[in-house]
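Note sheet for the following structure.
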Amino acid sequence: MSFPQQLSAILLMGGHIKDMPASEQNNKGKGYIDIGGHSMSALTLDSLRKAKRVGKITLVTPQHPQELSGEWAGADASVPAGTHLSDSLFTGLDACKSGTDPILIVAGDLPFLTADAVDDFIDRCSKRDDCSVWYGYLSKQNSLAKYPTLRHTWGKVSGQKYCGTGLNAMRSDVVDIVREQVSMLTTLRKNVWGIAKALGFSTIFRLLCGTLTIGQAEEALSRCLKAKTCGIESPFAEVAFNVDDYDNLVLARQLIKER
């Protein structure tokens, strides 16, 4: 299947940081939280704009309509964020759908993201052009080498520990079917047996035993989403420096000062 030289990208700017002190409460959404004198998502946007393989950039923001000037001048459009992450995700994807073209999905809380990391991820996706969903992941080894004090939730796959990243991608023509599957899985979130059935009992068993392979995980996700899915390992630790709690925010501000 074709894979274009440049991808449209959506930047998800909503959500809130866990354990945020009252003195720093921000009702705009965490993408607007200050890090080193810039809104956090503006730092992410700057890297997307510099990436050679990124075309149109759409902000998915709780502050819609967002004036595309100042630190947001690098964006081409904005759409309103939804109440839940999945709502925001599919609002952004709907705004960018075009034929079978892939769309880059970017978390808005990646203050250290670089253009090189973005271009590398897209390059790696293009080598798996038979797929329709690309899921980014990072090894614990690579994360600790650059950010030894950054905390993550790790899963053991193929004998190593990995975490997800803030870069993913999806083809335009599978957005609707994936939306249906995500909606179904959301309704099952408190039904352990339902989730296990959707993923496959053997997949859950192997994951718990630490024997699940990358290929088996890809097959399980493909069944769940009803779209061929593959994992894309990034060597860049910054793709998983997500600022999702206050400790990570403090660390990000400290590292920005030291640069």
Practice item. Tell me, with the steps shown, if F112 and R259 meet side chain to side chain contact (heavy atoms under 4.5 Å, CB included). Key: CA-CA 11 Å; F112 300 107; R259 288 203 303 192; 3.7 Å; yes
Check your understanding: Would a distance-only check, ignoring hydrogens and angles, find a side-chain to backbone donor-acceptor pair under 3.5 Å from Q216 to T213?
Key -> yes
**Study point:** Flag for Y32-Q66: side-chain donor and acceptor within less than 3.5 Å
**Key:** yes
**Study point:** Validation row: W72, S41 side chains within 4.5 angstrom (heavy atoms)
**Key:** yes
Practice item. Please check if the side chain of W134 supplies one atom and the backbone of F121 the other of a donor-acceptor pair under 3.5 Å. Key: no
Practice item. Check the pair Q254 / E258 against side chain to side chain contact (heavy atoms under 4.5 Å, CB included), numbers first and verdict last. Key: CA-CA 6 Å; Q254 176 186 336; E258 295 173 356; 3.3 Å; yes
Point to revise | Pair K30-D244, salt bridge (charged side-chain N to carboxylate O under 4.0 Å, His left out): steps then yes or no | key: CA-CA 9 Å; K30 69 177 179 179; D244 50 12; 5.9 Å; no
**Study point:** Q181 (side chain) donor-acceptor with C224 (main chain) under 3.5 angstrom
**Key:** yes
Practice item. Flag the pair V175 / V178 as yes when at least one side-chain heavy-atom distance between them is below 4.5 Å, and no otherwise. Key: no
Practice item. Step by step, work out the salt bridge (charged side-chain N to carboxylate O under 4.0 Å, His left out) result for K97 and D173. Key: CA-CA 8 Å; K97 286 190 298 187; D173 59 330; over 6 Å; no
Point to revise | N/O donor-acceptor pair under 3.5 Å between R171 side chain and V133 backbone | key: no
Review point. Does L113 offer a backbone N or O that forms a donor-acceptor pair with the side chain of S47 under 3.5 Å?
Key: yes
Check your understanding: Quick one: does S88's side chain have a donor or acceptor within less than 3.5 Å of a partner on A81's backbone?
Key -> no
Exercise for review: Could you tell me which non-hydrogen atom of G166 sits nearest to which non-hydrogen atom of N242, and how far apart they are?
Suggested key: CA-ND2, 4.1 Å
Check your understanding: Do the side chains of Y135 and C230 get nearer than 4.5 Å, heavy atoms only?
Key -> no
Check your understanding: At their closest point, which heavy atom of A240 faces which heavy atom of L150, and how far apart are they?
Key -> O-CD2, 4.1 Å
Check your understanding: Is there a side-chain contact between M40 and I35 (heavy atoms, below 4.5 Å)?
Key -> yes
Check your understanding: Hey, what do you get for CZ (F236) to CG (L138), rounding to the nearest 0.5 Å?
Key -> 11.0 Å
Check your understanding: Should V174 and L225 count as side-chain neighbours, where that means a heavy-atom distance under 4.5 Å?
Key -> no
Review point. Do you know which two heavy atoms are closest between P235 and D120, and how far apart they sit?
Key: CD-OD2, 3.4 Å
Practice item. Check the hydrophobic clustering (I, L, V, M, F, W, Y; side-chain heavy atoms under 4.5 Å; chains of links allowed) and say if L110 and I256 are grouped together. Key: no
Review point. Taking C-beta and beyond as the side chain, do F90 and V182 meet within less than 4.5 Å on heavy atoms?
Key: yes
Practice item. Can you see which heavy atom on V54 is nearest to which on A9, and at what distance? Key: CG1-CB, 4.0 Å
Point to revise | T229 versus E218, closest heavy-atom pair with distance | key: O-CB, 3.5 Å
Practice item. Work out which heavy atom in P80 is nearest to a heavy atom in V60; give both atom names and the distance. Key: O-CG1, 4.1 Å
Check your understanding: Do Q141 and S139 have side-chain atoms, one donor and one acceptor, less than 3.5 Å apart?
Key -> no
**Study point:** Ring centers of Y137, W154 separated by less than 6.0 Å
**Key:** no
**Study point:** Neighbour count >12 (heavy atoms, 6.0 Å) for atom NE2, H152
**Key:** yes
Check your understanding: When you check the side-chain N and O atoms of E219 and S222, is any donor under 3.5 Å from an acceptor?
Key -> no
Check your understanding: Between the side chains of S39 and E71, is a donor N or O closer than 3.5 angstrom to an acceptor N or O?
Key -> yes
Check your understanding: In a check of side-chain contact (heavy atoms from CB on, under 4.5 Å) between I10 and each of L59, L89, V79, which one passes?
Key -> L89
Exercise for review: Answer yes or no: is there a side-chain heavy-atom contact under 4.5 Å between E238 and Y147?
Suggested key: yes
Check your understanding: Are R151 and S143 side-chain neighbours, meaning at least one heavy-atom pair lies under 4.5 Å?
Key -> no
Point to revise | Backbone N/O of P4 and side chain of R53: donor-acceptor pair under 3.5 Å | key: yes
Review point. Is a donor on one side and an acceptor on the other found under 3.5 Å between the side chain of S126 and the backbone of D123?
Key: yes
